[in-house]
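Comments concern the structure below.
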Amino acid sequence: MKFGFSEEQEAFRDVLRRYFEDRSPTTEVRRLMATDQGWEREGWNRMNSELGLAAIAIPEAYGGQGFGLAEQCIALEEMGRALVCSPYFATAVLAASAIELAGSEQQKLALLPGIASGETVATLAFCEDGGSWDVKGVALEARGDGTLHGTKSYVLDGQAADLVVVLARAPGTTGTDGLSLHLVRGDAPGLERRALQSIDETRRIARLAFDGVEAEPLPGATAPVMERVLARAAICLANEMVGGAERLRADALDYVGMRMQFGRSIASFQVTKHKAADMLLDVELARSAAYYAAAAHDEADDGVVALASLAKAGAGEAYMQTAIHAVQMHGGIGFTWDNDTHLWFKRAKVSEVFLGTSAEHRERLVAYWRD
Amino acid sequence: MKFGFSEEQEAFRDVLRRYFEDRSPTTEVRRLMATDQGWEREGWNRMNSELGLAAIAIPEAYGGQGFGLAEQCIALEEMGRALVCSPYFATAVLAASAIELAGSEQQKLALLPGIASGETVATLAFCEDGGSWDVKGVALEARGDGTLHGTKSYVLDGQAADLVVVLARAPGTTGTDGLSLHLVRGDAPGLERRALQSIDETRRIARLAFDGVEAEPLPGATAPVMERVLARAAICLANEMVGGAERLRADALDYVGMRMQFGRSIASFQVTKHKAADMLLDVELARSAAYYAAAAHDEADDGVVALASLAKAGAGEAYMQTAIHAVQMHGGIGFTWDNDTHLWFKRAKVSEVFLGTSAEHRERLVAYWRD
Amino acid sequence: MTDLREQETLEELRGWLADNWDPERGLVEWRSMLADSGWGMPHWPREWYGRDLPAGFTPLVDAEFDRFGALQVTRSGIRMLAAATILEHGSDLHRQKFLRRIITGEDVWCQLFSEPGSGSDLAGATTRAVMVGNKWVVNGQKVWTTSAHKAHWGLLLARTDVDVPKHAGLSYFILDMQQPGVEAHPLRQMNGHASFNQVFLTDAEVLPEFQVAASGEGWNVATTTLMHERRAADSLRSWGSAGQPGTGRIYEEAQEEIRTAMAPYSWYPQRAGRVDLVMPRAHETGAIRDPVIRQEIARLLIMHKSAEWTAMRARTAQQRGRPQGPEGSLGKLASSNVARLAARVHTMVSGADAMLAGPEGPCDGTIAEILVSFPAASIAGGTDEIQKNIISERVLGMPKETRFDTDRPFRDIPRNTVS
Amino acid sequence: MTDLREQETLEELRGWLADNWDPERGLVEWRSMLADSGWGMPHWPREWYGRDLPAGFTPLVDAEFDRFGALQVTRSGIRMLAAATILEHGSDLHRQKFLRRIITGEDVWCQLFSEPGSGSDLAGATTRAVMVGNKWVVNGQKVWTTSAHKAHWGLLLARTDVDVPKHAGLSYFILDMQQPGVEAHPLRQMNGHASFNQVFLTDAEVLPEFQVAASGEGWNVATTTLMHERRAADSLRSWGSAGQPGTGRIYEEAQEEIRTAMAPYSWYPQRAGRVDLVMPRAHETGAIRDPVIRQEIARLLIMHKSAEWTAMRARTAQQRGRPQGPEGSLGKLASSNVARLAARVHTMVSGADAMLAGPEGPCDGTIAEILVSFPAASIAGGTDEIQKNIISERVLGMPKETRFDTDRPFRDIPRNTVS
């Protein structure tokens, strides 16, 4: 497989970069992260009406643009770069994939157009208090009467979502058996939502308690389907992380170029130069893996689940390492609230464990590739 | 616990350093490593008659000097530093500890004086083809008629030893049950010894096949005793490794100080300076752990088995890392045979896995410390 | 001192304590008595609140206070740096005006050295002091200043001459912090705490008699302050962990003083990585059963214990009167490595919970505080890079970095435009 | 070229191949025909064994050879660096004397640039060439020279003037390697192989007409050679892994030539860490069941695949005519990281067996060879440090290291006393 971006894709990226530079400077990120919800409908709607971002990867038949994951990952990389405060990941990645892969034709026709237009803010409630993104860890029950009982945690934009896709299991089942997905309105009776305080104030998580909530099942939820949903999410997250890491790297490089100590630019110190070279290598390797996984997904490569884990683990290490280096290169300034570095630093920390830790994804990679 | 060396200990170290600088320069190491046996009786005898090194840690009652492990570790550190080619580790560490800890009074009186004087070259045959230094991996059988059946591998100086202490188990036993230690003369009928080619030419290993070899049992061999023998050996090896790492570090520092490129000393490049600082930290931390473990042993600290694993794992990482840095700091010259760096590099590589890998010792450490 | 003199001195002290110690006195009152008697600072000169005793004798005096259950002067914080600097370089006026209230703790001091544009390069300070009429007038900005908002006096390093090389153009002043030209703003950190201040100096004034040493001597004086800074950091730690108080008014006042003084440092243990929490957390989360995480825990414990033992070796060597060797200088670097690895391990141990901050987060948010505080360990008090420069140059004797800023007028040296 | 011209050219080639290709010819005979016809080096000038075709057309010509099953000229090795240098900077005498035998492969060439005292700093060469009577007389020592012991000609960089700055005092010569003043000794490496030579030059002679370009132009000429070196390294790899031969005398001769040429490089795959062996070995030893080792295997595979894909991105960008971006320059650094990590992983996977070398060692000693060869990956062809300098300066545009050796006479620059 050869991979790289077409002229059109590069042009799309340029548009997005300029858009977010304009609409999501760090002053705006700081303003939004201080709000209750962490983002605003207005900006979210504008992003969708002007650029159709939520629609990118949704098939045309369901009101989307029908592009591949590669295009969606361009958007995610740019959002990661600008640290855009929005429910994009929850809605257009997590919920959209789950519905597209597990929904009935009718459900897709009913739900995906709203997600594509940005009107419906949705999310996927996958893991629970144990914090495991392995389907085996699911304990929330979907009873015979169609009601859900249990709790979900670390649900992205779980408090704000209009629609929650909930992973459950039939009573008495374990492991990969008896899984099911269900649609729940955000304001459904019996659903109690509570915000969790995240290290990363630019992205909100919530704990959702289901006490006999009535829900509509999606017919296609099996362990392999959930594996594909997670793989898609991991690839998207990896690309978002690469965007953030690249921004940190570039900003730190700019900073040391301007900063003088001992009568010379900090960038002229050999140790700084070599660190900058190492940082470039880290980010470029993670970028290649993230791009490759997206391309493999669009070519319907069988190995995409392994590649998703590879990309996620690679990006996880690179992002955190880059964030640590970036703070260090800024010196004391980099540890202050007013400097922007910590905004990405915290996203890096949270992304490192979201959707599973790097160690867990490395383990999955070897499990897939061992033969 | 406070620890550090007394004036007497420091003086002992000075004597040894000068002795080995004189007797074991790298020209001599290279000469001996090209011989069949890897060392010579003459030098070994001289070392023992002039300095009594094999006797250091053997109790006075058995012809030794009755010092502690701290003193023996000073000797090992200096031997590691000079890469002395001798059967010291096999004889005075492995075999001596096994006999002292598991032998009967009569056996100790009979055997230890010969070891203390250097007359008897001995070794301990512990692990087998699987390469495990866990007693559970022992398969060699000691039958009811007192004969040994099976093979031992990676036996230090196993081909040259006059006396081999062999770890065996009773037929039908597994795990930590049924262990026993046995004395076998190097020339015993039914014992076939074959040299293995080691990466490290300064230290020889052998594979020993026992086909009904008659052997004399040591009465005290149990799993806890073997654990103590191994702990002592691991502490000794850690100290030897620290000596080697320090030598590599110091030599590389000297080299970069003399070497000019681009009209300036390589030592003036900031990246070289910082690497030298990191190397110092690595070696000093490993040194502290090695010294601490030896001191704890002599204070009969209960935790010594855990501390031995800590010291071995710490020294293993530090030695190999230092060796890699040392080659790099020498540049192309460091990769040549004529440069001495590779002699220690290879010892570092072999020491990394001898007596168990660093990962294995880390696992043991947590197992001991988990409560 | 001969043993005999020692004995006599300690007996005199015991008598004095027996006559004067009373836990129901106020803290300031008691410290005033310590100042007057000289027992609080026994190694200081007799004329300045001391007893002219050798420095090595002070620990014996302190031990006697301990045995007696009496409080000694708190020899911590910036005020002690001020005292050391004033004793060595100040005028009698300075000694008269400041030393006694330093001992009693009535005055709060702060240190105005660092600037936004010169973090590692203190001698690159650009805050200007210009003589206008009969006063120095100071303009500029200082940063990383603990307690500036409540300080009475500040130790100020400012530039009085830009036409000479950088080190030669600095002067040292004692600045009245409670004048209109001095504004202290809290400086918030990425972990949410605001332990430091930024200090804006706008036509702040200093009387000529509050300059320490001559113009151009500032770097030399500052070096004295800095030499005492490391020691002060150590004693701050032991102050913070001071033992159980007795009963009585003075103990309450002392505890309150400690609480106030320590408040800005509440996150310092988290900055260091909280290795102590790793095992309990691993048991709590079950991570202790994960062989992969066990490896990382072991790595951390090995590094942490080895660093501890290295410090122990350094102390033992010192106690035996040997040269300390490289161990001492390596401690700072080791602790920053430990902090970084600890944050990694805490993340693995907590898994998804590592996302959570605040009271619902693991250990009431302590884990989150580690994860957003550890980067300071490799920056504060000298970055890792500065430490490695020091180790390579001073311990290993490697060549110094070529300097481009020491031999020409300060005005010609390229300076920061960003901070 | 227009598509029409392309078609005509390829048809002409097909006709020529049909008329001339015969697998029973000798290799030299066939290559002579390629030289005469210009089909072997189609992008070279017509007057010098080429056909003046655009460089981009060469791959099409080569593809046609492939389709036809005919052997093309082997465009590998130092001899091709010699050809490129001679074409660009040489005289017609040089072209006449050397180019044809470079194409036929009859002459072996070597490169005499590196010296024991100047590894990373090629321009610091101290080998002297002095005009004595009507000849250049050369004295000095060169190192890391592949094939010097069997070479006919050497590309020599030597100093002809020590009174000018270092780069300006170098000159470039073609040295007859088979004269008495040239002695090549094998240089043994820590892995036991001796792939390189040290070359001692003692009053070796060069006729003035064998100097390339003018005196003092040596660094400029050497730069051409070095530019082609990286490309040559790549083609060497593909040459070594060339596909199945056909049947016939010429294939046998070609295979023999490859075997000889590749012999010194037999350990190069081990130097790179042999990532391909990790999984099979892990299954063989059972390490694949160890979760701790699985983590390290995963780390290695992630790094290795990511590096591969980074190279792929660079190639794709190039093919699309985009600037290559940083990906290309990073490959060398990535591969040295991969090699180091691979050695670590192989050690863990092999456990105690990692001690064993020789035929009894794992994979017939291949694992041992990895463990004592990988350090070369971060040194040979430019150390990691040099790569990071290049990346930071040329890719990231960071300031160049201050030089102290470029603006004064070479004789005044501090030089090595050790090697």
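Just so we're on the same page: letters track the sequence lines, and every chain starts at 1. The structure presented is a predicted model; accordingly, all values stated were derived computationally and were not measured.
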Report summary line: Pair count under 4.5 Å, heavy atoms only, with chain D: among B:Thr336, B:Leu196, B:Leu355, B:Thr272, highest is B:Thr336
Report summary line: Output for pair (B:Met241 CE, B:Phe354 CZ), nearest 0.5 Å, gives 11.0 Å
Query raised in the report: Roughly how far, to the nearest 0.5 Å, is the CZ atom of D:Arg271 from the OG atom of D:Ser266?
Result: 11.5 Å
Report task. For atom CD of D:Glu284, decide whether the heavy atoms of other residues, nucleotides or ligands shown that lie under 6.0 angstrom number more than 12. Result -> yes
Query raised in the report: Which bit of B:Glu317 is near chain D, if near means a heavy-atom gap under 4.5 Å: side chain, backbone, both or neither?
Result: side chain
Query raised in the report: What part of B:Glu360 is in contact with chain D, defined as an atom under 4.5 angstrom from a non-hydrogen atom: side chain, backbone, both or neither?
Result: neither
Report task. Please list, chain by chain and in numerical order, all residues satisfying side-chain hydrogen bond (donor to acceptor under 3.5 Å, both in side chains) with B:Arg264, sequence neighbours excluded. Result -> B:Ser268, D:Glu401
Query raised in the report: So which of B:Gln328, B:His342, B:Lys349, B:Arg362 has the biggest tally of heavy-atom pairs under 4.5 Å with chain D?
Result: B:Gln328
Query raised in the report: Which region of B:Leu343, side chain (C-beta onward) or backbone (N, CA, C, O), has a non-hydrogen atom less than 4.5 Å from a non-hydrogen atom of chain D, or is it both or neither?
Result: neither
Query raised in the report: Would you call D:Gln198 and D:Gln141 a side-chain contact if the rule is heavy atoms closer than 4.5 Å?
Result: yes
Report task. Check the surroundings of atom CZ in D:Arg403: do more than 12 heavy atoms from other residues, nucleotides or ligands lie under 6.0 Å from it? Result -> yes
Query raised in the report: For D:Lys166, is it the side chain, the backbone, both or neither that has a heavy atom under 4.5 Å from a heavy atom of chain B?
Result: side chain
Report task. Measure the spacing between CD1 of D:Ile370 and CZ of D:Arg274 and express it to the nearest 0.5 Å. Result -> 6.5 Å
Report summary line: Scored by heavy-atom pairs under 4.5 Å with chain B, the best of D:Ala343, D:Ser373, D:Ala380, D:Ser350 is D:Ser373
Report summary line: Among B:Ser198, B:Gly130, B:Ala323, the residue with the most heavy-atom pairs under 4.5 Å to chain D is B:Ser198
**Report entry** Ring centre gap for D:Phe410 and D:Trp219 strictly below 6.0 Å
**Finding:** no
Query - Proximity breakdown for D:Asp384 and chain B, heavy-atom pairs closer than 4.5 Å - result: both
Query raised in the report: Is it the case that more than 12 heavy atoms not belonging to B:Arg31 sit under 6.0 Å from its CZ atom?
Result: yes
Query raised in the report: For B:Val271, is it the side chain, the backbone, both, or neither that has a heavy atom closer than 4.5 Å to a heavy atom of chain D?
Result: side chain
Query raised in the report: Is it the backbone or the side chain of D:Leu356 that comes under 4.5 Å from a heavy atom of chain B, or both, or neither?
Result: both
Report summary line: Answer key: most heavy-atom pairs under 4.5 Å with chain B among D:Leu371, D:Leu187, D:Ile413 is D:Leu371
**Report entry** Residue D:Phe196 versus chain B: region with a heavy atom under 4.5 Å
**Finding:** neither
Requested in this report: Heavy-atom distances under 4.5 Å only: say whether B:Phe345 touches chain D with side chain, backbone, both or neither.
Outcome: side chain
**Report entry** Proximal component of D:Ser195, with respect to chain B [non-hydrogen, under 4.5 Å]
**Finding:** neither
Query - Residue part contacting chain B, namely of D:Ala123, when any heavy atom lies under 4.5 Å - result: neither
Report summary line: Hits for side-chain hydrogen bond (donor to acceptor under 3.5 Å, both in side chains) against D:Glu360, two or more places apart or cross-chain, chain-then-number order -> B:Arg194
Query raised in the report: So with a 6.0 Å cut-off around CG of B:Asp36, is the heavy-atom count from everything else above 12?
Result: no
Query raised in the report: Between B:Ser265, B:Gly331, B:Cys127, B:Gly356, which has the largest tally of heavy atom pairs under 4.5 Å with chain D?
Result: B:Gly331
Query raised in the report: Heavy-atom distance under 4.5 Å to chain D: side chain of B:Thr357, backbone, both or neither?
Result: side chain
